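The model shown is predicted, which means the values in this text are computed figures rather than measured ones.
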Amino acid sequence: MLCGRNSNPDPGSFRTWRIYKCTATNIFPGEAVAFDSLVVQDGTKIVKKPSPVIKEEGHTATFTCTASGSPTPKITWSKLFDSLPAGRYKVSQERAVKTHKINGAIIKTKLLSSNLTLMNLSTTNSGTYICEANNKLNNKKVIGQSTVLRALSFRVLPPSRIEARESDRVLIRC
């Protein structure tokens, strides 16, 4: 019996897979041929973690999380001990393919990048946000920290007009 393989016969394939051909012969004429394939799947890996965010109230903050794997992972967002702010967040996702060589073989890796955008921030948006990426093989979680600071404001408004002579000392409270 002789077995051989063909590497990724479909160059557009995103998975690493092989077709194997086995040929069986004996002293009698003829042969038996069988084909089989092997698909290599890869567990989820986080390739980009969310960076910490420090913003002022009223602004927008975005966390980005990128994962790889085969099958392509799904990414979901949540907030630790709380829910995402109703009506003030959006999630966008983008797929990409990263190609590299290992021992002469071309490997294509599926990537999914997900953005969590929090809009019109308030101090209640401070906290820990969780990016969870999973496929049928495993799941991975990473966190991003958000700190939302109160917008600067005057406690006491300065007077609208002060009159003084050129040599006077003036103290303005605000």
Side-chain angles (χ1 to χ4, degrees), residues 10 12-17 39-102 105-166 168-174:
D10 174 9
S13 170
F14 294 118
R15 291 181 172 169
T16 302
W17 62 286
V39 176
V40 179
Q41 296 184 325
D42 193 16
T44 299
K45 293 180 187 74
I46 301 290
V47 295
K48 183 178 181 188
K49 298 177 182 179
S51 298
V53 172
I54 300 175
K55 295 283 185 169
E56 191 176 76
E57 284 179 310
H59 288 86
T60 298
T62 300
F63 291 106
T64 300
C65 181
T66 304
S68 68
S70 179
T72 305
K74 291 180 176 21
I75 294 179
T76 56
W77 290 93
S78 59
K79 185 177 181 191
L80 187 65
F81 305 124
D82 203 353
S83 56
L84 295 173
R88 293 190 300 114
Y89 77 93
K90 71 177 182 176
V91 174
S92 60
Q93 297 189 338
E94 183 178 319
R95 295 179 186 274
V97 177
K98 179 179 155 188
T99 304
H100 59 281
K101 281 188 174 186
I102 298 178
I106 296 175
I107 307 296
K108 293 182 178 182
T109 305
K110 291 181 179 181
L111 300 172
L112 179 64
S113 185
S114 181
N115 295 320
L116 170 64
T117 302
L118 305 172
M119 299 164 286
N120 192 22
L121 291 171
S122 70
T123 56
T124 60
N125 298 128
S126 292
T128 302
Y129 290 82
I130 303 164
C131 166
E132 182 173 0
N134 63 67
N135 65 15
K136 67 182 182 179
L137 301 175
N138 67 339
N139 71 342
K140 299 287 181 177
K141 292 181 183 182
V142 291
I143 61 169
Q145 278 302 129
S146 171
T147 304
V148 181
L149 305 172
R150 290 192 183 278
L152 293 178
S153 63
F154 288 103
R155 287 188 180 179
V156 177
L157 290 175
S160 59
R161 180 179 166 100
I162 297 177
E163 291 187 23
R165 290 182 295 217
E166 193 173 313
D168 288 348
R169 292 180 94 183
V170 177
L171 176 65
I172 302 173
R173 296 193 188 279
C174 57

A.B. asks: Test: salt bridge (charged side-chain N to carboxylate O under 4.0 Å, His left out). Region: residues 78-88. Which pairs qualify, not counting sequence neighbours?
C.D. replies: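 Found Lys79-Asp82.
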A.B. asks: Could you state the interatomic distance from CD (Glu132) to OG (Ser114), rounded to the nearest 0.5 Å?
C.D. replies: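 These two atoms lie 12.0 Å from each other.
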A.B. asks: Side chains of Thr44 and Asn139: does their closest heavy-atom pair fall under 4.5 Å?
C.D. replies: no
A.B. asks: Do Ile130 and Leu80 pass the side-chain contact (heavy atoms from CB on, under 4.5 Å) test, and can you show the C-alpha distance, the side-chain angles, and the key distance before you say yes or no?
C.D. replies: CA-CA 7 Å; Ile130 303 164; Leu80 187 65; 4.1 Å; yes
A.B. asks: Identify the two heavy atoms, one from Val142 and one from Pro50, that lie closest to each other, and give their separation to 0.1 Å.
C.D. replies: CG2-CD, 3.6 Å
A.B. asks: In this structure, are over 12 heavy atoms from other groups packed under 6.0 Å from Glu56 atom CD?
C.D. replies: yes
A.B. asks: Does some side-chain heavy atom of Ile162 sit less than 4.5 Å from a side-chain heavy atom of Val170?
C.D. replies: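 Counting from C-beta outward, Val170 and Ile162 do come under 4.5 Å.
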A.B. asks: Run the salt bridge (charged side-chain N to carboxylate O under 4.0 Å, His left out) test against Arg161 and tell me which residues pass, sequence neighbours left out.
C.D. replies: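 Testing Arg161 for salt bridge (charged side-chain N to carboxylate O under 4.0 Å, His left out), a comparison that skips the adjacent residues, returns Glu163.
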A.B. asks: Taking all heavy atoms of Leu137 and all of Gly43, pick out the closest pair and write down the distance.
C.D. replies: CD1-N, 3.6 Å
A.B. asks: Please round to the nearest 0.5 Å and tell me the distance separating atom CD1 of Ile46 and atom OG of Ser68.
C.D. replies: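 One finds 8.5 Å between CD1 of Ile46 and OG of Ser68.
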A.B. asks: When you measure from the side chain of Glu57 to the backbone N and O of Ala151, does any donor-acceptor pair fall under 3.5 Å?
C.D. replies: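 Yes; at least one donor-acceptor contact below 3.5 Å.
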A.B. asks: Might you point out which heavy atoms bring Leu121 and Ala61 nearest each other, and give the distance in Å?
C.D. replies: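 Of all heavy-atom pairs spanning Leu121 and Ala61, the closest is CD1-CB, 3.8 Å.
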A.B. asks: Starting at CG of Asn138, measure out to CD of Gln41 and round the result to the nearest 0.5 Å.
C.D. replies: 11.0 Å
A.B. asks: Roughly how far, to the nearest 0.5 Å, is the SG atom of Cys65 from the CG atom of Leu112?
C.D. replies: 8.5 Å
A.B. asks: Between Thr66 and Val47, is there a donor-acceptor pair closer than 3.5 Å when you use the side chain of the first and the backbone of the second?
C.D. replies: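 Here the side-chain-to-backbone pair does not exist.
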A.B. asks: Just wondering, do Val148 and Ser122 contact through their side chains at under 4.5 Å, heavy atoms?
C.D. replies: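 In short, these two side chains do not touch, never coming nearer than 4.5 Å.
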A.B. asks: Run Thr128 and Gln145 through side-chain hydrogen bond (donor to acceptor under 3.5 Å, both in side chains) and show every step you take.
C.D. replies: CA-CA 5 Å; Thr128 302; Gln145 278 302 129; 2.4 Å; yes
A.B. asks: Evaluate Asn115 against Thr62 for side-chain hydrogen bond (donor to acceptor under 3.5 Å, both in side chains), listing each step before the verdict.
C.D. replies: CA-CA 6 Å; Asn115 295 320; Thr62 300; over 6 Å; no
A.B. asks: Within this structure, what is the NZ-CD1 distance for the pair Lys141 and Ile143, rounded to the nearest 0.5 Å?
C.D. replies: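 Here the rounded value is 11.5 Å.
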A.B. asks: Compare every heavy atom of Asn135 with every heavy atom of Thr72, then report the nearest pair and how far apart it is.
C.D. replies: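 So the two residues come closest at O-CB, 4.4 Å.
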A.B. asks: Take atom CG in Leu149; do more than 12 heavy atoms of anything else shown fall under 6.0 Å from it?
C.D. replies: yes
A.B. asks: Determine which pairs satisfy ring-ring contact (aromatic ring centres under 6.0 Å, His included) with at least one residue from residues 64-89, sequence neighbours left out, and list them in order.
C.D. replies: none
A.B. asks: What's the spacing between Phe63 CZ and Ser146 OG if we round to 0.5 Å?
C.D. replies: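 With rounding to 0.5 Å, CZ (Phe63) is 4.5 Å from OG (Ser146).
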